[in-house]
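Since the structure comes first, as structure tokens, the remarks are kept for the end.
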Amino acid sequence: MTSMRSDGVSDRERHTQIAAAARLLRAGGVVAFPTETVYGLGADAANPEAVRKIFEIKGRPSDHPLIVHIADASLLDRWAREIPQAARHLAESFWPSPLTLILRRQRHVPDAVTGGQDTVGLRVPDHPVALALLQELGPEKALAAPSANRFGRISPTTAAHVRAELDEAVDMVLDGGPCRVGLESTIISFVGGTPLLLRPGGISVAALEAVLGGRIEAPDTAQSAVRVSGSLPSHYAPVTPLEVLSAESLKRRSRELVKREQRVAVLGLTSPCQDSPHLLHFQMPAAAAAYAHKLYATLRQLDGVRFDFILAEAPPVDVDWQAVNDRLRRAAIVYCPAEIQPQEKMYEEIS
Ligand code: TXA
Ligand code: MG
């Protein structure tokens, strides 16, 4: 008898799918697979031809490096060299987890993976399907994988998101259910003298610093700064224009938009807005991890409904919310979290 898992897939069926995915990957194919953060678009990291297909499918510039997913921390030296003790300590303490380490690469790591840089991003994903796939591929193998979305769009947190966006372009989509974390890994670079935060993400900087016993520098400390992206292409963005505003500004802005008969979706945190034929209120979780888990899926869902605007109430500016604030900031055309009123001028800049 085969045992059933909570996602309705039997162990035998799961094994068959993973074996099929591994065969496709060995033959130079591209397979979307689940991780605890978001779905990845994977290819054999040692096969430059296969890796190039990822860039084609995503429409991603070829000099953007990919993260190499490995099965466990003992494989660090196979992919990286001159590894600082602190990096090794983090890997051994945290992996598998949403933590990516940027290190000097071993010379055999293809330029197609690293974007021609002398560094490589490495992580051990904390998802049973991803780990089983890496096991099936064998200890010498690794999966180069970015998030499984088109360049500039929101990362997928379910297999259905991947299918909706990439559909026929990939050889297979492995379904491992909804991703637990819901936004991407934390990236720490160890190629300079001191550890540097390149992207806040699924594991908090405070947790990493506690184990390191030292500070991780953050080049961008202006998390709370007002930002207007205008018509510049942004990263991690929904199709519908997103504005992140304080509760007060959001109320004012929503009234003004509704008066102009614009269809508005509100992602609320504290006080709800009154629903009306032109305004739908979505209550978001008050805890950062639960908010992160829901954020991308909610933005995708709203994109599907075709609102004219999404207005999100700005979360608190504190360490727990660092990754969520980072993604909202990148996704928004207006990011104005403080008690500063967005100026008319800001809206004039957005054409
Ligand atoms: O959670 C995640 O990290 C997900 C899952 C699939 O693992 N992956 C992900 O990949 O978000 P991607 O490609 O969407 O974002 C990876 C980021 C990019 O901003 C890339 O520039 C950076 O990692 N990166 C990768 N290798 C790097 C390197 N050698 N040096 C600097 N940055 C690097
Ligand atoms: Mg991405």
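Both counts, for ligands and for their atoms, begin at 1 and track the order of listing.
- For ligand 1, the polar-atom distance check against E184 finds no nitrogen or oxygen pair separated by under 3.5 Å.
- Both I216 and L122 belong to a common hydrophobic cluster when Ile, Leu, Val, Met, Phe, Trp and Tyr are linked at side-chain heavy-atom distances under 4.5 angstrom.
- For I67, the closest heavy-atom approach to ligand 1 falls below 4.0 Å.
- Interface of T119 with ligand 1, defined as ligand atoms under 4.0 Å from a residue heavy atom, comprises 28 (C), 29 (N), 30 (N).
- For ligand 1, the atoms sitting less than 4.0 Å from at least one non-hydrogen atom of G121 are 26 (N), 29 (N), numbered in the order shown with element in parentheses.
- Residue E165 is tested with K58, R150, R300 for a side-chain hydrogen bond (donor to acceptor under 3.5 Å, both in side chains); the sole match is R300.
- Residue-environment remark: CZ (R260) exceeds the threshold of 12 foreign heavy atoms within 6.0 Å.
- Short contacts between ligand 1 and V120, defined as distances under 4.0 Å to a heavy atom of the residue, involve ligand atoms 29 (N).
- Under 4.0 angstrom from ligand 1, the non-hydrogen atoms of I187 all belong to its side chain.
- The closest approach between R105 and ligand 1 stays at or above 4.0 Å for every heavy atom of the residue.
- The environment of K53 atom NZ is dense: over 12 non-hydrogen atoms of other residues, nucleotides or ligands sit within 6.0 angstrom.
- Contacts of T37 with ligand 1, taken as heavy-atom pairs under 4.0 Å, involve the side chain alone.
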I would like to know whether D303 and T240 meet side-chain hydrogen bond (donor to acceptor under 3.5 Å, both in side chains); could you show each step before the answer?
-> CA-CA 6 Å; D303 264 349; T240 316; 2.7 Å; yes

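- Listed by number with element, the atoms of ligand 1 under 4.0 angstrom from any heavy atom of R60 are 12 (P), 13 (O), 14 (O).
- Residue H69 touches ligand 1 through its side chain alone, judged by heavy-atom distances below 4.0 Å.
- Neither the backbone nor the side chain of H127 comes within contact range of ligand 1; no heavy atom lies under 4.0 Å.
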Checking salt bridge (Lys or Arg N to Asp or Glu O under 4.0 Å) for the pair R330/D326: CA distance, chi angles, key distance, verdict?
-> CA-CA 6 Å; R330 291 168 193 254; D326 173 79; 2.9 Å; yes

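- At a 3.5 angstrom cut-off on N or O pairs, S147 counts as close to ligand 1.
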Decide yes or no on side-chain hydrogen bond (donor to acceptor under 3.5 Å, both in side chains) for S246 and E313, but give the supporting numbers first.
-> CA-CA 6 Å; S246 69; E313 184 181 337; over 6 Å; no

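- Looking only at side-chain heavy atoms (C-beta outward), P156 and V162 come within less than 4.5 Å of each other.
- A salt bridge links E209 and R215; the closest N-O separation between the charged side-chain nitrogens and carboxylate oxygens is under 4.0 Å.
- Using a cut-off of 2.8 Å, one finds that N149 contributes no N/O/S atom close to the Mg ion (ligand 2).
- The pair R81-D118 meets the salt-bridge criterion, since a charged nitrogen lies less than 4.0 angstrom from a carboxylate oxygen.
- For S185, a nitrogen or oxygen atom sits less than 3.5 Å from a nitrogen or oxygen atom of ligand 1, counting backbone and side chain alike.
- In this comparison of L103, V181, I102, L198, the heavy atom closest to atom 28 (C) of ligand 1 sits on I102.
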